[in-house]
Amino acid sequence: MSENRRDATFFMTATTQFGLEEVLAQELRGLGAKIEKVGQRAIEFTGTKQLLYEANLWCRTAVRILKPFAGFYARDEKALYREVSRIEWPDYIRPDQTFAITAVVNKSTFEHSLYVAQLTKDAIVDQFRNRTGSRPSVDVKNPDIRLHLHMIENDVVLSLDASGDSLHRRGYRQQTNVAPLNEALAAGIILLTGWDGKRPFIDPMCGSGTLLTEAALIAQRIAPGLYHQGKFSFQNWADFDQALWDSVLMDARSARIEEPQAYIAGSDLSREYIELARENVAAADLEDYIRLGVRDVKEAQAPKNEPAGVVVSNPPYGERIGEEEQMETLYKTIGDTLKTGFQGYDAYLFTGNLEAAKRVGLKASRRIPLFNGPIDCRLLKYELYQGTRKVSKPE
């Protein structure tokens with residue numbers, strides 16, 4: 001491939017979760033992207049093929065990286081079929097490859113995204129069949145080529161999905177059914193705290209260890225995409241540059257810092273959760289960087305002979321009926337622990353139970369809106385002053 005093709009810039013879109021848009025934009029800027037627009041759950045930017053590869057490998061808060069390649073207005077079903085049929089599909093899909101389409105429809109005369117995806121699929125398949133007699137197959141679970149269709153008010157943008165499996169699925173998590181935080185959200189929470197990757201990082205209710213693992217990846221400068229299972233979708237594209245990808249991979253592997261950069265420790269009352277955390281940490285090859293122990297939150301305290309750092313935790317929300325009193329007691333205990341055991345630290349609690357959070361007994365200096373799945377949450381910051389300064393009145 002010629003150098004000028006390699007250096008050509010084009011538009012891309014990175015998707016993320018609500019509340020992490022500015023964090024992701026900053027990550028992309030750090031990779032050399034030119035940010036064109038920060039939207040809701042999406043960042044539009046320009047860059048080269050190398051940036052596309054690096055964004056998939058390095059972006060901790062991205063869910064997908066998309067490469068738009070066609071746009072048009074579709075008044076009705078016939079127009080959608082006609083416009084999709086005009087695209088030269090052999091430029092993007094080979095007849096021997098599999099593909100899948102994800103459609104997102106907003107404020108449109110088309111009511112169902114599945115119907116839009118089906119109509120688009122028919123137009124693609126019919127073009128191949130009419131021209132060559134053979135056609136690519138659909139594979140919704142593990143396709144070679146993933147297409148993304150976004151329709152808003154009947155304006156359609158078709159994109160190639162460069163990522164494949166969602167980027168939040170790092171691949172180190174051994175049991176996905178027990179972790180309440182996905183990895184991209186955990187990384188976003190850490191980046192929102194402004195933690196420098198050097199000071200102590202403590203999670204006194206660490207569950208299966210997602211926050212701790214993501215903190216270690218940040219501190220040791222490890223690209224999260226190195227854990228990605230299988231191929232990225234861009235590796236199946238017609239213009240995939242193997243030499244460039246090998247170079248990007250080599251740079252990422254050599255960026256890793258072996259010497260521990262920060263004191264990172266977590267504990268949990270549940271021995272079962274700590275065992276799961278150990279499995280996840282081992283799968284990520286991070287045993288040398290994370291300390292784990294079984295401990296009640298009320299016994300947690302700052303490590304001795306270490307500078308003040310951050311406490312970051314995602315305590316239970318108590319979503320079952322009848323757990324209100326139990327949650328209020330827990331959050332009061334968390335507040336007491338922060339006040340007595342972590343003076344001088346900054347503490348961050350990520351919770352979907354804002355009523356129980358009032359029992360922490362500290363005034364939050366920041367309240368950042370985020371979502372954990374469908375749950376409306378807040379990342380609450382508490383500044384834990386050292387010495388004689390009085391604790392703020394409860395909210």
Side-chain angles (χ1 to χ4, degrees), residues 17-20 22-23 178-182 185-195 200-212 214-215 265-270 273 295-302 308-395:
Q17 296 184 219
F18 173 85
L20 299 181
E22 285 294 345
V23 177
V178 296
L181 281 186
N182 80 47
L185 177 56
I189 288 167
I190 296 164
L191 293 171
L192 280 167
T193 71
W195 179 58
F201 183 100
I202 313 294
D203 183 353
M205 304 183 76
C206 69
S208 58
T210 307
L211 281 165
L212 297 169
E214 291 297 319
S267 53
D268 201 280
L269 183 59
S270 165
Y273 272 131
R295 190 178 298 112
D296 194 317
V297 65
K298 63 188 175 191
E299 295 165 0
Q301 56 185 332
V310 296
V311 180
V312 185
S313 205
N314 173 38
Y317 310 158
E319 290 151 303
R320 295 190 187 94
I321 294 170
E323 287 185 332
E324 294 88 351
E325 193 175 327
Q326 186 184 346
M327 285 300 108
E328 289 191 358
T329 303
L330 172 63
Y331 279 72
K332 182 183 183 304
T333 302
I334 293 169
D336 292 344
T337 298
L338 294 177
K339 285 177 237 178
T340 58
F342 292 93
Q343 289 188 358
Y345 274 62
D346 286 330
Y348 293 83
L349 294 184
F350 177 67
T351 181
N353 191 331
L354 299 180
E355 275 304 308
K358 293 176 182 176
R359 297 299 301 272
V360 168
L362 292 162
K363 184 175 178 60
S365 61
R366 287 180 73 194
R367 303 168 63 88
I368 303 169
L370 296 167
F371 279 85
N372 187 2
I375 304 168
D376 185 12
C377 296
R378 295 293 182 276
L379 179 61
L380 304 170
K381 179 184 180 181
Y382 304 100
E383 295 172 27
L384 309 172
Y385 299 109
Q386 200 157 17
T388 58
R389 183 158 179 170
K390 291 180 180 178
V391 172
S392 302
K393 291 179 182 179
E395 295 187 335

Colleague: What pairs with Lys298 under side chain to side chain donor-acceptor pair (under 3.5 Å), at least two apart in sequence or on another chain?
Modeller: none
Colleague: Got a second to check how far Tyr331's OH is from Leu349's CG, nearest 0.5 Å?
Modeller: 7.0 Å
Colleague: Is there a side-chain contact between Leu370 and Leu192, using heavy atoms and a 4.5 Å cut-off?
Modeller: yes
Colleague: Tyr348 versus Leu380: any side-chain heavy-atom pair under 4.5 Å?
Modeller: no
Colleague: Quick one: list whatever passes ring-ring contact (aromatic ring centres under 6.0 Å, His included) with Phe201, sequence neighbours left out.
Modeller: Trp195
Colleague: Applying side chain to side chain donor-acceptor pair (under 3.5 Å), name anything that partners Asn353, two or more places apart in sequence or on another chain.
Modeller: none
Colleague: Would you call Lys381 and Asp346 a side-chain contact if the rule is heavy atoms closer than 4.5 Å?
Modeller: yes
Colleague: Under the rule for ring-ring contact (aromatic ring centres under 6.0 Å, His included), what residues qualify as partners of Phe342, not counting sequence neighbours?
Modeller: Tyr345
Colleague: List in chain and number order the residues that pass side chain to side chain donor-acceptor pair (under 3.5 Å) with Asn372, two or more places apart in sequence or in another chain; answer none if no residue qualifies.
Modeller: Tyr317
Colleague: Are the side chains of Leu185 and Thr210 in contact, using a 4.5 Å heavy-atom criterion?
Modeller: no
Colleague: Please name all residues satisfying side chain to side chain donor-acceptor pair (under 3.5 Å) with Glu355, sequence neighbours left out, ordered by chain then number.
Modeller: Lys358
Colleague: Would you confirm whether Tyr273, through its side chain, and Asp268, through its main-chain N or O, come within 3.5 Å as a donor-acceptor pair?
Modeller: no
Colleague: Is a donor on one side and an acceptor on the other found under 3.5 Å between the side chain of Asp203 and the backbone of Gly266?
Modeller: no
Colleague: Passes side-chain contact (heavy atoms from CB on, under 4.5 Å), Gln17 versus Asn182? Steps please.
Modeller: CA-CA 11 Å; Gln17 296 184 219; Asn182 80 47; 2.7 Å; yes
Colleague: Do the non-hydrogen side-chain atoms of Val311 and Thr337 ever get within less than 4.5 Å of each other?
Modeller: no
